[in-house]
J.: 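Supplied in structure tokens, the structure appears directly below.
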Amino acid sequence: MTQTGSCKPMKTRLDRRMLLRLSGVAGLGVMAFTLTACSGGSPSLYTLAVTPGQPQPGGPRFVEVRLPTVASGLDRDRIVTADSGYKLTVSAADAWSDSLPAQISRVMAGDLAQRLPGTGVFVENDTVATEPEAYVDMSISRFSTGPSGNVELDATLSIQPASAGAPGKDEQYYMQNFTLQGTQASATMPMVQVLSQLLGQLADVAAQQLRQLPFGQSTGRHTIVRKKTQHG
């Protein structure tokens with residue numbers, strides 16, 4: 001369970017003349033100031049994490065995970081804890097430690113790197129990057145507890161080879177919609193843990209599709225040697 005900051009009443013000694021003067025508009029102003037001072041407090045910050053998968057050889061030499069498209073209702077500082085389909089419930093005390101699209105792409109890159117040991121995986125706009133051979137794109141429409149009471153991830157995943165730094169128009173292309181469901185979560189921390197696990201399941205599919213791309217036939221050993229050569 002997370003702990004949130006509490007607000008203790010402010011104790012101030014006022015004589016009778018001062019109390020009489022704090023009336024009308026002036027009194028309302030003091031009340032507004034007191035309420036504003038008490039409404040603050042630092043939120044508890046949460047971050048997604050990489051989950052283990054099954055490492056297997058194969059796949060492109062380099063893969064770029066691009067920033068996902070996240071539904072505007074989810075893309076906020078405070079964490080959306082529930083989505084009933086008609087109403088979003090937003091936590092008053094819990095927030096993401098970074099933008100949600102940045103976290104999702106970072107975790108997906110980490111998940112893929114763990115599942116594709118012979119592949120260099122990086123996120124879009126990463127300064128430590130090279131020319132990718134494939135792109136991973138995601139669109140996220142649900143990322144919270146769903147109407148069933150279980151934690152849910154609704155996403156569209158696409159995998160595409162890249163040529164000359166841009167997605168190839170006539171090359172092999174994969175795209176599929178997913179509704180992944182985990183266990184129930186009674187608080188923000190277990191919900192974030194289950195969401196991380198669901199992203200790991202999505203990474204399992206992405207890794208499998210990346211291994212099936214035509215240029216992913218080289219052995220893991222050969223790919224590792226070429227990566228080490230590039231990095232000097």
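Everything quoted here is computed from the prediction, not taken from an experiment.
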J.: If Ile, Leu, Val, Met, Phe, Trp and Tyr residues are connected whenever their side-chain heavy atoms lie under 4.5 Å apart, and connections chain through other members, are Val205 and Ile159 in the same group?
T.: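 Result: yes, single cluster for both.
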J.: Which pair of non-hydrogen atoms, one from Leu157 and one from Val136, has the smallest distance, and what is that distance?
T.: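 Closest approach of Leu157 to Val136: CD1-CG1, 3.9 Å.
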J.: Leu199 and side chain to side chain contact (heavy atoms under 4.5 Å, CB included): which single residue from Leu180, Val194, Leu153, Thr51 fits?
T.: Leu153
J.: Measure across Pro101 and Val70 and return the closest heavy-atom pair with its distance rounded to 0.1 Å.
T.: CG-CG2, 3.8 Å
J.: Scan side-chain atoms only and decide if Ser148 and Glu152 contain a donor-acceptor pair under the 3.5 Å cut-off.
T.: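 Looking only at side-chain atoms, Glu152 and Ser148 do form a donor-acceptor pair, the distance falling under 3.5 Å.
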J.: Could you tell me which non-hydrogen atom of Arg78 sits nearest to which non-hydrogen atom of Arg76, and how far apart they are?
T.: O-CG, 3.0 Å
J.: Begin from the C-alpha positions of Ile104 and Ile140 and carry the test side chain to side chain contact (heavy atoms under 4.5 Å, CB included) through to its verdict.
T.: CA-CA 9 Å; Ile104 291 175; Ile140 309 295; 4.0 Å; yes
J.: Are Ser144 and Asp83 close enough that a side-chain donor and a side-chain acceptor fall under 3.5 Å?
T.: no
J.: Would Trp96 and Ile79 count as a side chain to side chain contact (heavy atoms under 4.5 Å, CB included) if you check the C-alpha gap in whole Å, the side-chain angles of each, and the deciding distance to 0.1 Å?
T.: CA-CA 6 Å; Trp96 293 114; Ile79 295 176; 3.7 Å; yes
J.: Taking all non-hydrogen atoms of both residues, which atom of Gln114 and which atom of Gln54 are closest, and how far apart?
T.: OE1-N, 4.4 Å
J.: Which pair of non-hydrogen atoms, one from Leu202 and one from Ala155, has the smallest distance, and what is that distance?
T.: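 Nearest pair, atom of Leu202 first, then Ala155: CD2-CB, 4.1 Å.
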J.: Salt bridge (Lys or Arg N to Asp or Glu O under 4.0 Å), that's the test. Do Arg115 and Asp204 meet it? Break it down for me.
T.: CA-CA 7 Å; Arg115 289 156 174 79; Asp204 290 336; 2.5 Å; yes
J.: Is it the case that the side chain of Thr89 and the backbone of Thr81 share a donor-acceptor pair, with hydrogens and angles ignored and the cut-off at 3.5 Å?
T.: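 Not a single qualifying donor-acceptor pair exists.
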J.: Quick check: does any side chain N or O of Thr145 sit under 3.5 Å from a backbone N or O of Asn150, one acting as donor and the other as acceptor?
T.: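 No; zero donor-acceptor contacts below 3.5 Å.
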J.: Can any side-chain N or O of Glu64 pair as donor or acceptor with the backbone N or O of Val123 at less than 3.5 Å?
T.: no
J.: Under the side chain to side chain contact (heavy atoms under 4.5 Å, CB included) criterion, do Leu195 and Val151 qualify, and how do the steps go?
T.: CA-CA 7 Å; Leu195 287 172; Val151 180; 3.5 Å; yes
J.: Kindly work out whether a path of hydrophobic side-chain contacts (I/L/V/M/F/W/Y, heavy atoms less than 4.5 Å apart) joins Leu67 to Phe122.
T.: no
J.: Using every non-hydrogen atom in the two residues, find where Gln103 and Leu48 come nearest and quote the distance to one decimal.
T.: OE1-N, 2.8 Å
J.: Do Thr47 and Arg106 pair up side chain to side chain, a donor and an acceptor below 3.5 Å, judged on atom types alone?
T.: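 Arg106 and Thr47 do have a side-chain donor-acceptor pair below 3.5 Å.
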J.: If you count the non-hydrogen atoms of other residues, nucleotides and ligands that lie under 6.0 Å from CG in Asp98, is the total more than 12?
T.: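 For Asp98, atom CG is crowded (more than 12 foreign heavy atoms under 6.0 Å).
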J.: Test side chain to side chain contact (heavy atoms under 4.5 Å, CB included) on Gln176 and Tyr174 and set out the steps.
T.: CA-CA 7 Å; Gln176 186 172 344; Tyr174 168 87; 2.7 Å; yes
